[in-house]
Amino acid sequence: FLGIFFLSPLVGILCSLLWRMEHQDSNWNLILTVTTPEKLVKDKWMTAVLLSSVCILWIALIYLFTGKIILRLPGEVPKLFWIRMLGAAVCLSAVSAVQSMLSMIFRSFAVPISLAFVGSIAGLWLTVKGAYYAVPYSMLIYGMGSSSITGELNVPVLLASCCFYVLAALTCSILFLKKTDVRTHV
């Protein structure tokens, strides 16, 4: 359930917070005098990936603690659980890239977050239709196993789709910073 509706908007909140300072007053002028657009975009994206991966690791630890320590469930943790958590971390890199791009483009704090929520709903629809690779949000739902926890994970398609979305979003972000006036967005 987390991957279906809530994780993408949480990443949207994180990315909006990361870009918030640049959207305040004249921080764009200051930051672009000390770094390149490539480094700025990459650093913001890496920060979002690191923090969202820590979040998914924390959620996995809470599941394990609850199951093994509090409820004392017998047996080993299924291998599929770890594969799904790794799949979620990989998919979060793609969602973070897209959300970082949207947060950089839109000055509003709420617009990228609402787009993430709409993307999650569209991603659920696409995942149900079998097109889990179509948008990063549907890949996150598929990678976490939110639509089918017992199904096998198509790792090559998942990795190729994630790489495509990461490269596309980072490239668009860099080109946007190089081609537009960050103060007026013209």
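Index from 1, following the sequence. Atoms considered below: every heavy atom in the structure, side chains included; atoms not considered: hydrogens, waters and symmetry mates.
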Chemist: Could you report the tightest heavy-atom contact between H23 and F106, atom names first, then the distance?
Modeler: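 For H23 versus F106, the nearest heavy atoms are NE2-O, 3.3 Å.
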Chemist: What residue pairs, at least two apart or across chains, pass side-chain hydrogen bond (donor to acceptor under 3.5 Å, both in side chains) with a residue in residues 162-171?
Modeler: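 Sorted result for residues 162-171: empty, none.
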Chemist: To the nearest 0.5 Å, how far apart are CD1 in I56 and CG in L86?
Modeler: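 It is 11.0 Å, given to the nearest 0.5 Å.
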Chemist: Just jot down the side chain to side chain contact (heavy atoms under 4.5 Å, CB included) partners of S100, sequence neighbours excluded, or say none.
Modeler: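 Side chain to side chain contact (heavy atoms under 4.5 Å, CB included) check on S100 returns C15, W19, K44.
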Chemist: Apart from W58 itself, what residues make up its hydrophobic cluster when side-chain heavy atoms of I, L, V, M, F, W and Y under 4.5 Å apart count as a link, directly or indirectly?
Modeler: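 ILVMFWY cluster around W58 also holds I62.
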Chemist: So which heavy atom on P112 is nearest to which on Q99, and how close?
Modeler: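 Looks like O-NE2, 3.0 Å.
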Chemist: What's the shortest heavy-atom distance between V11 and S52, and which atoms?
Modeler: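 Heavy-atom minimum between the residues: CG2-CB, 4.2 Å.
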Chemist: Please say yes or no: joined through hydrophobic side-chain contacts below 4.5 Å, possibly via intermediate residues, are V54 and L64 part of one cluster?
Modeler: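 V54 does not cluster with L64.
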Chemist: Salt bridge (charged side-chain N to carboxylate O under 4.0 Å, His left out): which pairs involve residues 163-178, sequence neighbours left out?
Modeler: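 Sorted result for residues 163-178: E38-K178.
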Chemist: Looking at F81, I want to see if its CZ is surrounded by more than 12 non-hydrogen atoms of other residues, nucleotides or ligands under 6.0 Å.
Modeler: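 Counting neighbours around CZ of F81, more than 12 heavy atoms of other residues, nucleotides or ligands fall under 6.0 Å, so yes.
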Chemist: Using the side-chain hydrogen bond (donor to acceptor under 3.5 Å, both in side chains) rule, collect all pairs that involve residues 65-79, keeping only residues at least two apart or in two chains.
Modeler: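 Qualifying pairs: none.
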Chemist: Could you report the tightest heavy-atom contact between K39 and D43, atom names first, then the distance?
Modeler: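 Distance-wise, the nearest heavy atoms are NZ-OD2, 2.6 Å.
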Chemist: If you round to the nearest 0.5 Å, how far is CG of L17 from OG1 of T47?
Modeler: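 It comes to 12.5 Å.
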Chemist: Would you say that L140 contacts L92 through its side chain, given a criterion of any heavy-atom pair below 4.5 Å between the two side chains?
Modeler: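 A side-chain contact exists here, since the closest heavy-atom pair is under 4.5 Å.
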Chemist: Considering non-hydrogen atoms only, spot the tightest contact between V135 and G123 and give its length.
Modeler: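 Looking at all heavy atoms of both residues, the closest pair is CG2-CA, 4.2 Å.
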Chemist: Please report the interatomic distance CE(M144) to CG(L7), rounded to the nearest 0.5 Å.
Modeler: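 Taking CE in M144 and CG in L7, the distance rounds to 5.5 Å.
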Chemist: Mind checking the CG-CD1 spacing from L18 to I13? Nearest 0.5 Å is all I need.
Modeler: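 Spacing of CG (L18) from CD1 (I13) equals 12.0 Å.
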Chemist: Quick check on side chain to side chain contact (heavy atoms under 4.5 Å, CB included): which of L126, L124, V98 does Y137 satisfy it with?
Modeler: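 That would be V98.
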Chemist: Quick one: list whatever passes ring-ring contact (aromatic ring centres under 6.0 Å, His included) with W45, sequence neighbours left out.
Modeler: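 Per chain and number, W45 pairs via ring-ring contact (aromatic ring centres under 6.0 Å, His included) with no residue.
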Chemist: Side-chain heavy atoms nearer than 4.5 Å, only ILVMFWY residues, links allowed to pass through others: does that put V118 and M139 together?
Modeler: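 Per the 4.5 Å side-chain linkage, V118 and M139 are not co-clustered.
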Chemist: What's the shortest heavy-atom distance between V166 and S93, and which atoms?
Modeler: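 Minimum heavy-atom contact is CG2-O, 3.6 Å.
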Chemist: Is it true that V155 and V157 fall in one hydrophobic cluster, defined by side-chain heavy atoms closer than 4.5 Å?
Modeler: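 Same hydrophobic cluster.
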Chemist: Tell me if a side-chain donor or acceptor on S8 pairs with a main-chain N or O of A116 at a distance below 3.5 Å.
Modeler: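 Checked: no pair found.
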Chemist: For the side chain of S114 and the backbone of V111, is there at least one donor-acceptor N/O pair under 3.5 Å apart?
Modeler: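 Flag set: sc S114 to bb V111 pair under 3.5 Å.
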Chemist: Does L159 belong to the same Ile/Leu/Val/Met/Phe/Trp/Tyr cluster as L153, with side-chain heavy atoms less than 4.5 Å apart forming each link?
Modeler: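 Looking at the clustering, L153 is in the same group as L159.
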Chemist: Measure the SG-CG distance between C162 and L158 for me, rounded to the nearest 0.5 Å.
Modeler: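 Rounded to the nearest 0.5 Å, the SG-CG separation comes out at 4.5 Å.
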Chemist: Is the closest side-chain donor-acceptor distance between Y132 and N154 under 3.5 Å?
Modeler: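 Looking only at side-chain atoms, N154 and Y132 do form a donor-acceptor pair, the distance falling under 3.5 Å.
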Chemist: Could you state whether M21 and V41 fall into the same hydrophobic cluster, counting links through intermediate Ile, Leu, Val, Met, Phe, Trp or Tyr residues with side-chain heavy atoms under 4.5 angstrom apart?
Modeler: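 Different clusters: M21 never reaches V41 through Ile, Leu, Val, Met, Phe, Trp or Tyr contacts under 4.5 Å.
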Chemist: Please answer whether the main-chain N or O of F109 pairs with a side-chain N or O of S16 as donor and acceptor at a distance below 3.5 Å.
Modeler: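 A pair under 3.5 Å: yes.
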Chemist: Between atom NZ of K42 and atom CD1 of I174, what is the distance when rounded to the nearest 0.5 Å?
Modeler: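 Those atoms lie 10.0 Å apart.
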